[in-house]
Amino acid sequence: VQRPGSGEDGIRHTACQTVGGSKTNINKAAFSRSHCDTIRNRKNALKKYCFSDPFGLISQYKNILPKKSIYHGGIAMQKLEKLYEGKAKQVFATNDPEIVMVHYKDDATAFNGLKKGTIAGKGVINNQMSNRLMAYLEKQGIPTHFVKELSERETLVKKVSIVPLEVIVRNIAAGSFSKHYGVEEGVVFEQPTIEFSYKNDELGDPLLNTYHALALKLATPEEIKTIEDYSFRINDALKAFWLTCGVTLVDFKLEFGRLSDGTIVLADEISPDTSRLWDSKTHEKLDKDRFRRDLGGVEGAYAEVMQR
Ligand code: TMP
Ligand code: ASP
């Protein structure tokens with residue numbers, strides 16, 4: 001959104017906002033949109049020209065150029081060393097020991113990394129969608145790791161130690177549930193169901209029950225109770241949210257972490273990588289199953305569900 005008269009192109013222009021409602025407003029919105037497009041095109045051309053680095057100066061001197069500062073709560077945050085790289089994200093330290101920076105990649109894997117690929121633009125969508133959903137959940141009283149979105153792919157989050165449990169909540173039979181228990185995909189449960197797997201790539205994330213989790217000392221009984229309680233509340237909130245977008249929340253996977261004081265917060269991401277999202281009317285899959293099952297239209301599905 002361009003503020004009135006603030007254009008870097010030197011042209012005074014009015015705010016570009018989508019205006020809903022009456023016919024006149026729709027025309028106004030269409031005009032504003034095309035006006036925005038013109039300005040955006042000019043800006044992009046300018047950016048391309050300015051940042052094309054024709055003499056290779058930026059790459060030559062990038063190590064001695066001052067690093068761009070990102071401010072959070074009035075403090076300049078620095079992106080420091082990489083702490084961890086997973087299948088879809090990288091995590092960097094910052095100068096605040098309680099905060100890390102997540103970078104979302106376009107890399108996609110399935111079947112414990114056996115199938116590899118990229119989904120163009122996925123990192124941008126997952127970053128923005130996960131942040132919006134976490135902000136929404138915070139408003140519903142669920143503590144999350146989300147702090148601040150920095151860019152299309154980067155977000156500041158609270159540093160946690162991940163509880164090595166993948167929590168899966170299901171409303172409708174699909175995926176491994178259908179396979180394990182011989183239930184046709186699409187059968188709606190009378191009440192949501194929850195399951196845990198041990199977050200351990202070497203073992204292939206085996207399913208376990210809460211007694212196993214206690215025996216393996218993955219979490220305390222109180223932590224498991226909190227995680228279960230949050231997970232069902234998250235399901236209620238997300239199901240209601242997606243319904244307003246014409247999307248049915250079939251199932252999803254959550255991960256929780258401990259802050260330095262031991263508080264349990266929702267961590268990792270909530271995205272089409274980690275949720276099954278079906279069009280409510282057509283039941284078309286708008287999630288990573290399109291990649292897992294080679295259904296095609298993967299990028300389109302991510303874009304569609306983000307737009308909704
Ligand atoms: P499943 O039916 O294959 O067990 O998947 C259940 C949900 O968990 C589904 O929404 C996809 C998500 N999921 C992940 O986020 N990560 C994984 O590694 C797997 C296997 C599933
Ligand atoms: N996280 C899975 C993997 O291990 C992918 C999936 O979501 O199915 O590759």
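Numbering of ligands and ligand atoms starts at 1, following listing order. Predicted, not measured: the structure shown is a model, and the values here were computed from it. Note: hydrogens, waters and symmetry copies are ignored here, and every other heavy atom, side chains too, is used.
Considering only heavy atoms from C-beta on, Leu238 comes within 4.5 Å of Leu137 through its side chain. Pro143 places none of its side-chain heavy atoms less than 4.5 Å from the side chain of Met134.
Between the side chain of Ser280 and the backbone N or O of Val247 there is at least one donor-acceptor pair closer than 3.5 Å. Without hydrogens or angle criteria, Glu98 side chain to Lys158 main chain gives no donor-acceptor distance under 3.5 Å.
Classification of Lys253 and Glu255 as a salt-bridged pair holds, one side-chain N sitting under 4.0 Å from a carboxylate O.
Residue-level contacts of ligand 2 at the 4.0 Å heavy-atom threshold are Lys87, Thr109, Ala110, Phe111, Asn112, Gly113, Lys288, Arg292. Sorted by chain and number, the heavy-atom contacts of ligand 1 below 4.0 Å come from Ile168, Arg170, Ala174, Gly175, Ser176, Asp251, Phe252, Lys253, Asp273, Thr274, Ser275, Arg276, Arg292.
In this structure, the side chain to side chain donor-acceptor pair (under 3.5 Å) partners of Thr282, at least two apart in sequence or on a different chain, are Asp279.
Ring centers of Phe291 and Tyr302: at least 6.0 Å apart, outside the cut-off.
Arg258 contributes atom CZ, which lies 5.0 Å from atom OG of Ser161 (distance to the nearest 0.5 angstrom).
Within the structure, ring pair (Phe, Tyr, Trp, His ring centres under 6.0 Å) pairs that include any residue of residues 76-109 do not occur (at least two apart or interchain).
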